[in-house]
2 protein chains.
Amino acid sequence: VRASVMRDKQLVVDTVPDPVPGPGQVLVKTLACGICGSDLHMLKHAEQMIAVGERAGQGPPQMDLSRDIVMGHEFCAEILEHGVNTSGSLKPGTRVCSMPIAFGPSGVGAVGYSNDYPGGYGELLVLNEMLLLEVPNGLSTERAALTEPLAVGLHAVEKANVGERDVPIVIGCGPVGLAVIAGLKLKGVSPIIAADFSATRRAMASRMGADIVVNPSDISPYQRWEEIAVPPGLDLGNPMVAMMAADQIRPGVVFECVGVPGLIQQILEGAPRAARVVVVGVCMEPDRIEPIFAINKELNLQFVLAYTPVEFADTLRHIAEGDIDVDPMITGKVGVEGVAGAFEELASPDHHAKILIEPWR
Amino acid sequence: VRASVMRDKQLVVDTVPDPVPGPGQVLVKTLACGICGSDLHMLKHAEQMIAVGERAGQGPPQMDLSRDIVMGHEFCAEILEHGVNTSGSLKPGTRVCSMPIAFGPSGVGAVGYSNDYPGGYGELLVLNEMLLLEVPNGLSTERAALTEPLAVGLHAVEKANVGERDVPIVIGCGPVGLAVIAGLKLKGVSPIIAADFSATRRAMASRMGADIVVNPSDISPYQRWEEIAVPPGLDLGNPMVAMMAADQIRPGVVFECVGVPGLIQQILEGAPRAARVVVVGVCMEPDRIEPIFAINKELNLQFVLAYTPVEFADTLRHIAEGDIDVDPMITGKVGVEGVAGAFEELASPDHHAKILIEPWR
């Protein structure tokens with residue numbers, strides 16, 4: 001079966017062995033699969049990702065880099081055949097989404113970050129039947145394939161426990177930031193402030209539901225927050241006043257959606273007093289912070305990862321019901337031959353949010 | 001009036017001008033004043049503290065280092081005389097505590113970190129009448145002087161929103177850690193795990209209410225947490241299991257009470273999945289973290305500072321009513337001549353927690 005394969009730090013198109021569904025598993029055909037920022041990082045820094053993953057408690061590495069890896073964990077697929085110990089309740093031909101996790105005899109595996117469980121950059125996958133979610137009739141495959149990245153945004157918003165009085169500030173409007181904006185919009189929070197240096201991305205942010213988009217070169221998003229959240233005449237420069245008047249101020253909730261070193265410190269410096277900071281961007285490198293900034297403002301930092309099974313299913317339902325419009329995020333489609341080129345385009349991401357791979361092309 | 005004065009990065013005993021109470025202010029005599037870790041830091045790194053304070057939004061610096069500064073913000077005092085625009089409801093001779101804040105014509109000042117508002121290292125202070133709290137009859141001056149540092153611990157516990165199922169882990173048993181233990185004990189949380197390399201400090205931690213004290217050279221405090229918090233047989237090494245079984249695990253709440261670079265990263269590495277980390281230690285220097293550790297475990301970091309006026313008053317009341325026994329923390333007393341020596345002793349803090357200054361001696 002054909003796939004875009006990660007081999008010797010390159011993406012090459014080659015034929016790989018057909019995956020075989022084990023007990024409880026189902027063989028599916030990839031219909032569409034998104035390219036994630038983590039995949040870009042993986043191609044360049046695989047050794048480092050594996051090493052830090054092991055140190056950071058992800059368990060023993062599931063990737064042997066001397067062997068082929070087929071990435072891709074944001075997919076919509078079609079059922080081809082069932083392995084043993086399956087119920088077959090969803091028939092062949094049914095379109096499905098799934099969390100990118102597989103259970104097998106060798107334990108839990110990450111689909112797309114594993115030698116054993118190829119991802120959606122290839123024509124065929126195996127998935128666990130118990131995790132399959134049927135794509136509702138009428139929902140396009142492309143939109144369904146956005147379930148995984150959107151679930152990340154919904155999860156971040158859930159963990160932030162955002163309420164009506166909060167004023168969210170989304171830093172970075174790549175796919176992660178756009179997903180967070182979708183999650184905030186779904187919660188009915190308003191206004192949503194979003195910041196990005198790229199005009200294209202700011203336009204996408206608006207289409208996804210951001211109410212105020214800011215180019216940080218022109219104006220600080222925290223300045224915007226202050227205009228909205230702080231009653232006129234209140235002197236925030238006086239820490240005593242700021243503390244005593246806390247009830248009159250709409251709390252700031254800052255979403256870090258960039259994931260590069262230095263961003264967290266930038267937020268510690270810019271965020272308003274008592275802000276909650278939700279770190280959604282995945283910074284793989286060591287970072288430098290000055291804790292005193294966070295201390296003086298009593299900031300709260302919530303680091304988040306992925307989503308729960310319920311959030312994943314809810315996300316698919318919300319997309320199907322039109323509560324979330326993911327179309328602005330889909331900026332390109334390629335076959336397996338186009339994956340390496342798509343990675344290059346995404347490295348300078350001004351024009352794209354999500355490029356979908358259609359390996360069957 | 002006599003005081004231990006910070007002058008040219010040294011502590012010297014000298015006579016300083018008597019402070020004069022302004023409108024709404026009261027002149028008081030210092031009865032006892034504790035030495036805080038921040039004071040130690042101030043003596044060595046004043047320029048840096050002022051610079052970072054200004055950058056970190058504390059407002060314009062209130063300290064001119066070319067002029068004398070009398071430190072001391074953990075005091076119990078006796079009312080001597082009232083300035084204009086005071087009610088005089090508390091008579092001269094009344095013992096009082098106060099948050100170390102003063103309001104004057106030049107704005108809000110920090111008592112003990114200001115050229116205008118000398119602290120308790122000297123014989124006389126001015127305080128704002130509206131912040132005075134009468135020391136309840138029968139409560140010793142020494143114990144009352146511990147109100148300020150204990151309020152820091154109670155505030156940290158409040159911000160952590162600690163509940164019955166939580167298992168707290170206190171990292172560092174200096175004055176801050178001991179105050180946090182007192183706050184946890186007051187909340188009825190059990191068991192309280194406390195870690196320190198010093199046997200003396202571990203003994204103090206036990207006396208303050210820690211149920212399990214750990215020497216990190218022998219056993220990790222997180223290992224202790226796991227023995228208590230995780231049902232036998234549950235494999236935390238498997239992230240999927242750890243996530244799915246979250247309800248069966250008693251949450252870990254880690255209190256960082258050391259405040260030196262590297263400590264936060266150490267906690268990110270050691271803390272259990274989904275732990276709340278409360279940063280009470282005040283690290284003034286830049287620090288290095290690896291965000292991926294916090295991301296993979298979805299940690300929450302709450303940075304805290306000081307206390308609210310209500311928490312300060314509650315702390316004094318709890319000490320007076322015997323809910324908190326602060327005696328184990330009082331390990332020495334000196335007059336103004338002894339302050340420089342006390343700073344040296346506290347620099348290698350194995351034998352001491354809190355040394356009280358009695359400037360009237």
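Throughout, protein chains are lettered first and strands after them, A, B, ... in sequence-line order, and every chain is numbered starting at 1.
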**OP:** Heavy atoms only: give me the nearest G281(A)-I295(B) pair and the separation to one decimal.
**Re:**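 Heavy atoms only, the tightest pair is O-CD1, 3.7 Å.
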Original post:
Can you name the closest pair of heavy atoms from I292(A) and V282(B) and give their distance?
Top reply: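 Distance-wise, the nearest heavy atoms are CD1-CG1, 3.7 Å.
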**OP:** Check whether I264(A) gets within reach of chain B through its side chain, its backbone, both or neither, counting any heavy atom under 4.5 Å.
**Re:**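 Contact with chain B involves the side chain of I264(A) alone.
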Original post:
Hey, are the side chains of N300(B) and L301(A) touching, using non-hydrogen atoms and a 4.5 Å cut-off?
Top reply: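 No, too far: nothing below the 4.5 Å cut-off.
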Subject >> Best-contacting candidate, H155(B), R276(B), M284(B), against chain A by heavy atom pairs under 4.5 angstrom >> reply: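 If we count pairs closer than 4.5 Å to chain A, H155(B) comes out on top.
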**OP:** Mind checking the CD1-CZ spacing from I289(B) to R288(A)? Nearest 0.5 Å is all I need.
**Re:**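 If I round to the nearest 0.5 Å, the distance is 11.5 Å.
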**OP:** Could you tell me the separation between the CG atom of N296(B) and the CZ atom of F303(A), rounded to the nearest 0.5 Å?
**Re:**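 Here the interatomic distance stands at 11.5 Å.
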Original post:
Using non-hydrogen atoms only, which part of Q302(B) is less than 4.5 Å away from chain A: side chain, backbone, both, or neither?
Top reply: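 Both backbone and side chain.
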Original post:
Relative to chain B, which of P261(A), C283(A), G259(A), A306(A) shows the most heavy atom pairs under 4.5 Å?
Top reply: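 If we count pairs closer than 4.5 Å to chain B, C283(A) comes out on top.
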Subject >> N/O donor-acceptor pair under 3.5 Å between E290(A) side chain and P286(B) backbone >> reply: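 Pair absent, no side-chain N/O of E290(A) close to backbone of P286(B).
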